[in-house]
Amino acid sequence: MGFRNLSRASLITFILLSLVSLFADMTYEGARSISGAYLEVLSATAVFASLASIGEFLGYIMRFVSGILAGYFKSSKGYWGLTFMGYILNLMVVPLLAFSGQWQMAILLIFLERMGKGLRTPTRDVILSEVTEEIGRGKAFGLHEALDQAGAVLGPLIVSVVLFRSNSYALAFLVLALPAMASILFLLGAYMKYPRVKAAEKAIPLSKSGAVLNDVFWLYTISMSIVAFGFIHWINVSYIFKAENILPDYLISTMYLVAMLVDGLLAFPVGLIYDKIGLVSLLITPVSAALIVPMIFMKSFASVLFASIFWGVVMGIYESTARAAIADILPPEGRAYGYGVFGLFYGTAWMAGTIAYGYLYQNLTSYLSLFTISIESIALIILLITVKRFKDFRGK
């Protein structure tokens, strides 16, 4: 295959994968926008509702498992197979939430949805990093995230409209089956256009994977995990909105829509900035994360709007720059494993933080703001150290 044809195939695959993400995000972000409120409707307490974040943890464990399996299979079919299985599980359980009836069953389905996302993410990101190598990863991942977030805006918007017109959570979940099916069809198109994944042939087995994970990778992983620990999960945010009667149901999903819109608008410019200045573009992340909780408890419409905006800022920077950085820190043969390890640490930290927020809200509400500001201050200091090390690493 000539370079010109390869570039065209890569571009088409990139576009198709972006459309996959657009419709996938429409599905599961639409569901996530109301998951905390839905659990409150099903009579889950704040602590039990926060246990849904174990799904995030399980999802990140599945990223680790996926990275190991990718190294074991060492084949394009293995990479695409994991990607397909993950997307199918990730998307098809969302409509089933309509039939859950009990908060325990709803949490189980949330677990399965997150596990599916975890299973497909490392191999999907390896394919994405491969087809975007000629474009510039920061820019490409940013553009992908922008299209991704277009779906993340449309999903909550659809949910908001359904809840406004029918006040039916079940109907809202059922409607999301349509973008789920569209996502799978575009994924099939991407596979048909780009069946051979070169990185799959270079993937290294688990016994040799540790040697690829350098000091910069570990420092980067630790710093971002601390950011995640202090970053309040939307399931906590939406639960608090509902429990404190800060917003009506349809505006809870609308605030998530606002967050996703900010996420999408920031992703591409942040990706461009990353290509120019590296990890410095991440420094605003802990600062923004520290402002969210204090603004929520001001309990005005303006304050919760700004809290939602800052939540979107954190997600936008993480989803574009953080993923691009892994591809720059690690060689191609170690990326699937590296994405998995990073996800495991990040997910563990986010789960622990989410449960901590649930416990503090239920028992020590007045300490919530102090908790988030303290953790994110520590994260900022370590992230500054990481930025310096990353600059030295890239300068070698």
Side-chain angles (χ1 to χ4, degrees), residues 29-53 56 103 152-153 155-157 159-164 167 169 172 227-263 265-266 284-316 350 353-377 379:
E29 297 291 12
R32 277 157 63 85
S33 70
I34 55 171
S35 58
Y38 184 53
L39 289 171
E40 202 277 340
V41 168
L42 295 177
S43 302
T45 66
V47 171
F48 282 126
S50 68
L51 290 179
S53 67
E56 297 285 352
W103 64 263
V153 168
L157 179 60
V159 168
S160 295
V161 171
V162 173
L163 287 177
F164 179 74
N167 201 35
Y169 281 86
V227 171
F229 182 67
F231 177 44
I232 187 170
H233 198 287
W234 190 264
I235 203 162
N236 297 124
V237 174
S238 63
Y239 188 98
I240 293 169
F241 284 165
K242 177 71 174 177
E244 297 286 329
N245 292 315
I246 298 174
L247 295 170
D249 289 355
Y250 72 93
L251 279 183
I252 293 174
S253 56
T254 301
M255 287 299 169
Y256 192 72
L257 183 156
V258 169
M260 294 297 97
L261 182 61
V262 171
D263 182 344
L265 290 174
L266 275 183
I284 195 175
T285 312
V287 177
S288 299
L291 296 172
I292 298 169
V293 174
M295 288 188 169
I296 289 173
F297 282 96
M298 291 179 185
K299 296 185 179 180
S300 70
F301 180 82
S303 67
V304 298
L305 176 62
F306 276 104
S308 302
I309 289 171
F310 282 116
W311 201 92
V313 168
V314 175
M315 288 301 296
W350 206 9
T354 303
I355 294 174
Y357 276 116
Y359 175 82
L360 289 172
Y361 174 69
Q362 189 165 307
N363 298 285
L364 299 164
T365 307
S366 60
Y367 287 90
L368 279 171
S369 294
L370 177 62
F371 174 79
T372 191
I373 292 170
S374 299
I375 296 300
E376 295 301 344
S377 296

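Along the sequence shown, residues carry numbers from 1.
Of all the heavy atoms in V262 and G312, the pair that sits closest is CG1-C, 3.9 Å. Across all non-hydrogen atoms, the minimal contact from P294 to S369 is CA-OG, 3.6 Å. Considering all non-hydrogen atoms of both residues, I34 and A172 come closest at CD1-CB, 4.4 Å. Residue V314 comes nearest to A289 through the heavy atom pair CG2-N, 3.6 Å, listed as atom of the first residue, atom of the second, then distance. Shortest non-hydrogen contact noted between I252 and W234 is O-CZ2, 3.8 Å.
The structure places CG of L368 at 11.0 Å from CD1 of I373, a figure rounded to the nearest 0.5 Å. Note that the CZ atom of R32 and the CD atom of E29 stand 5.0 Å from one another [nearest 0.5 Å]. The distance from atom CG of L261 to atom CG of L266, rounded to the nearest 0.5 Å, is 9.5 Å. Here I309 contributes atom CD1 and L265 contributes atom CG; the two are 10.5 Å apart, rounded to the nearest 0.5 Å. Summarising the geometry, atom CD1 belonging to I296 is positioned 9.0 Å from atom OG1 belonging to T372; distances are rounded to the nearest 0.5 Å. To the nearest 0.5 Å, atoms CG (L291) and CZ (F306) are separated by 11.0 Å.
Legend: residues meeting side-chain hydrogen bond (donor to acceptor under 3.5 Å, both in side chains) with E376, ordered by chain and number and at least two apart, are absent. Partners of E244 under the side-chain hydrogen bond (donor to acceptor under 3.5 Å, both in side chains) rule, at least two apart in sequence or in another chain, are K299, Y361. Under the ring-ring contact (aromatic ring centres under 6.0 Å, His included) criterion, F229 pairs with F371, not counting sequence neighbours. Every ring-ring contact (aromatic ring centres under 6.0 Å, His included) that F164 has, sequence neighbours left out, goes to Y250. Shown here are the side-chain hydrogen bond (donor to acceptor under 3.5 Å, both in side chains) partners of S288, two or more places apart in sequence or in another chain: there are none.
Residues in residues 302-314 take part in these side chain to side chain donor-acceptor pair (under 3.5 Å) pairs, two or more places apart or across chains: S300-S303.
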Walk me through whether V287 and F310 qualify under side-chain contact (heavy atoms from CB on, under 4.5 Å).
CA-CA 9 Å; V287 177; F310 282 116; over 6 Å; no
Steps toward side-chain contact (heavy atoms from CB on, under 4.5 Å) verdict (L247, F301)
CA-CA 8 Å; L247 295 170; F301 180 82; 4.2 Å; yes
List the steps and the verdict of side-chain contact (heavy atoms from CB on, under 4.5 Å) for V237 and Y256.
CA-CA 10 Å; V237 174; Y256 192 72; over 6 Å; no
Report the C-alpha separation of H233 and Y357 in whole Å, then their side-chain angles, then the decisive distance to 0.1 Å, and conclude whether the side-chain contact (heavy atoms from CB on, under 4.5 Å) test is met.
CA-CA 9 Å; H233 198 287; Y357 276 116; over 6 Å; no
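Between L39 and S238 the shortest side-chain heavy-atom distance does not fall below 4.5 Å. Counting only heavy atoms from C-beta outward, the side chains of L305 and V258 approach each other to under 4.5 Å.
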